[in-house]
K.L.:
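Have a look at the structure that comes next, please.
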There are 2 protein chains.
Amino acid sequence: MTRTTVESKSKTVTIGFDEPFCVIGERINPTGRKKLATELEAGDFSTVERDALEQVACGAMVLDVNAGVVYNSNPDPNQTEPPLMVKMLELVQGLVDVPLCIDSSVPAALEAGLEAAHGRPLLNSVTGEEDRMEAILPLVRKYNVPVVAISNDDTGISEDPDVRFAVARRIVERAADHGIPAHDIVVDPLVMPVGAMGSAGRQVFALVRRLRDELGVNTTCGASNISFGLPNRHGINAAFLPMAIGAGMTSAIMNPVRQVEMEAIRAANFLMNHDPNGAEWIRFARVLEAVKEGKSFAEASAEAAAGGATGGRSGRGARRRRA
Amino acid sequence: MTRTTVESKSKTVTIGFDEPFCVIGERINPTGRKKLATELEAGDFSTVERDALEQVACGAMVLDVNAGVVYNSNPDPNQTEPPLMVKMLELVQGLVDVPLCIDSSVPAALEAGLEAAHGRPLLNSVTGEEDRMEAILPLVRKYNVPVVAISNDDTGISEDPDVRFAVARRIVERAADHGIPAHDIVVDPLVMPVGAMGSAGRQVFALVRRLRDELGVNTTCGASNISFGLPNRHGINAAFLPMAIGAGMTSAIMNPVRQVEMEAIRAANFLMNHDPNGAEWIRFARVLEAVKEGKSFAEASAEAAAGGATGGRSGRGARRRRA
């Protein structure tokens, strides 16, 4: 069975066909978050801190860290990203104990991150583009880490799932040439918006199954892409995730502070027989009880996590404090 | 492709691999509803009427009608069920135009129902029990209707999915002996509670796939069984249904007045490419908007359905009326 091992200093997370779905928290990323970008340029890391703590409390098992800020003062990411990546990684791994995912399009930022990260981080990402494979795969080999492989290449992103599968296979083969085993490749088959392409969901489900059966690799995706542009997006995401899990998807890069999506994943874990006796489901149901009593999902999750560390039953504790 | 055709006087519903998931409303059933049972014995059909209208408004495509009341005045269902079944069917098909599912364990009630129902009702059900097959399959043949086949036999319900598959195959083969084609058999593979059997979800997903690939039959289930005994049951149901749909399940007997489950099914239809341009999803998102404004799901659905009949955009209409 394929097992991808990701580690922090003190914690191991296994992505695998017989493991609970691996939630990779996507929040620590200034792309499209102008306020966060401005804060980072000003040296203010308070949002990063809050995002790290909240995401882990809500159930993120790995945290993605992206330092892709374009500074007003210096527009060259090759200069600005590597030191910012190091600073952010050091901050986050000082706050939380989950493994990290080093996310950049700048190879120097990935390498600086690999030097700074504890344990065995996940590298995000390589693609099927020639120069990208030749820049990234040697790093993967040198630092002996797993890597996210996105199935686009020099011709772009194909709408044909067979082409995306072929790109994934080419990356896996090229990685093998570098001495990197398939179980250290986590393929992102690329999720299209179902509002723009009606076959988008079925494409992904079929691709995930093939990637698993034919290449033996774990898979991930940017889950919320599926619902781009649609009303009531969380409802689409909350059906997509269980369907993808049923098809064999083993991780996603997503926002774990969203209750509806996390509920869907926890239910799917239970239904895949990856939650013995439903212990995690029952614990999560207590969090939802606290939400019904008026707490935010992040607050209720944080209280449950804190309670869990000192013996659990935080739901009851919370009610006692209230009474 | 397997297509099971169910008809009322004026409406055809197709259960099939390339069709939206068929929601069979389960509410018109006095089993476990003591108040309804008492009403029926007293000749009060107001709850039946409300359940018929509400379920159709909320999205039921077929209505199950079960007359399984044990009268205090006459405990023999062979005497009481046939006339009550006829009365209930006539009432329901006078109120709504969807096809019906005639549900009874009493063969005489099934036959009386077949005489009374318009169009091509679904018969619920035959099992793999010898006497049941010999009583029901001739009715299925005589009235040329599709039938739900439940995969238990004279030895009971097996926990082994291979045995349940073998029972389903035996019913399909026996039906063929009676001249009944496989596309008129809708197999219920039996859903166990995941709280009692951790493998229950995976069993069903694997069984549905086999039933589809090897026997070419449509499938159904009592969907809420999966979450029996668990906290936050709707969350389990709302992940189970999309996963079952992804595995190939084509219908379920369920409560369509539950928003969470119906949202999951509508999202799954979209993700299976069975909702062209997401038109149904967008319409449903308007219903959810009305729910957020304070309406019940049944009210909001009924208003949308009424608006839909006169040209749609009921969500906007509802808001205009408010303003």
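In this text, all values refer to a predicted model and were calculated from it rather than measured experimentally. Chain identifiers are assigned alphabetically (A, B, ...) following the order of the sequence lines, protein sequences preceding nucleic acid strands; residue numbering begins at 1 within each chain.
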K.L.:
Working to the nearest 0.5 Å, report the span between CE of A:M272 and CZ of B:R202.
P.N.:
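Spacing of CE (A:M272) from CZ (B:R202) equals 4.0 Å.
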
K.L.:
Quick check for you: among A:N277, A:L241, A:L230, which has the greatest number of heavy-atom pairs under 4.5 Å with chain B?
P.N.:
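Of the candidates given, the most pairs with chain B belong to A:L230.
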
K.L.:
Go through the atoms of B:R209 and report whether side chain, backbone, both or neither lie under 4.5 Å from a heavy atom of chain A.
P.N.:
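When you check distances to chain A, only side chain atoms of B:R209 fall under 4.5 Å.
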
K.L.:
Hey, is CD on A:E159 packed in by over 12 heavy atoms from elsewhere, all under 6.0 Å?
P.N.:
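Counting neighbours around CD of A:E159, 12 or fewer heavy atoms of other residues, nucleotides or ligands fall under 6.0 Å, so no.
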
K.L.:
Measure the spacing between CG of A:L271 and CZ of B:F205 and express it to the nearest 0.5 Å.
P.N.:
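Answer for the CG-CZ pair, A:L271 versus B:F205, is 5.0 Å.
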
K.L.:
Heavy-atom pairs under 4.5 Å with chain B: which of A:G195, A:S199, A:A244 has the most?
P.N.:
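Max contact count across the listed options: A:S199.
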
K.L.:
For B:F17, I'd like to know if atom CZ has over 12 heavy atoms of other residues, nucleotides or ligands within 6.0 Å.
P.N.:
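More than 12 heavy atoms, drawn from other residues, nucleotides or ligands, come within 6.0 Å of this atom.
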
K.L.:
Do other residues, nucleotides or ligands put more than 12 heavy atoms under 6.0 Å from the CG atom of B:D160?
P.N.:
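Yes - once you tally the heavy atoms of other residues, nucleotides and ligands closer than 6.0 Å, there are more than 12.
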
K.L.:
Between A:W281 (side chain only) and B:I236 (backbone N and O only), is there a donor and an acceptor less than 3.5 Å apart?
P.N.:
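Side chain of A:W281 to backbone of B:I236, a donor-acceptor pair under 3.5 Å: no, none is there.
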
K.L.:
Please state whether the side chain, the backbone, both or neither of A:I226 comes within less than 4.5 Å of a heavy atom of chain B.
P.N.:
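For A:I226, side-chain heavy atoms alone lie under 4.5 Å from chain B.
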
K.L.:
Which atoms form the tightest heavy-atom contact between B:A239 and A:A267, and what is the distance?
P.N.:
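Here B:A239 and A:A267 meet closest at CB-CB, 3.5 Å.
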
K.L.:
Over all heavy atoms of both residues, which pair between A:P242 and B:M243 is shortest? Give the atoms and the distance, please.
P.N.:
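Distance-wise, the nearest heavy atoms are O-CG, 3.3 Å.
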
K.L.:
Measure the spacing between CZ of B:R266 and CG of A:N232 and express it to the nearest 0.5 Å.
P.N.:
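Taking CZ in B:R266 and CG in A:N232, the distance rounds to 12.0 Å.
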
K.L.:
Mind checking which of residues 246-265 of chain B sit less than 4.5 Å from chain A, heavy atom to heavy atom?
P.N.:
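Listed by number, the contacting residues are B:G246, B:E263, B:A264.
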
K.L.:
Looking at A:G201, A:A285, A:G235, which makes the most heavy-atom pairs under 4.5 Å with chain B?
P.N.:
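When all of A:G201, A:A285, A:G235 are compared, A:G235 has the most.
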
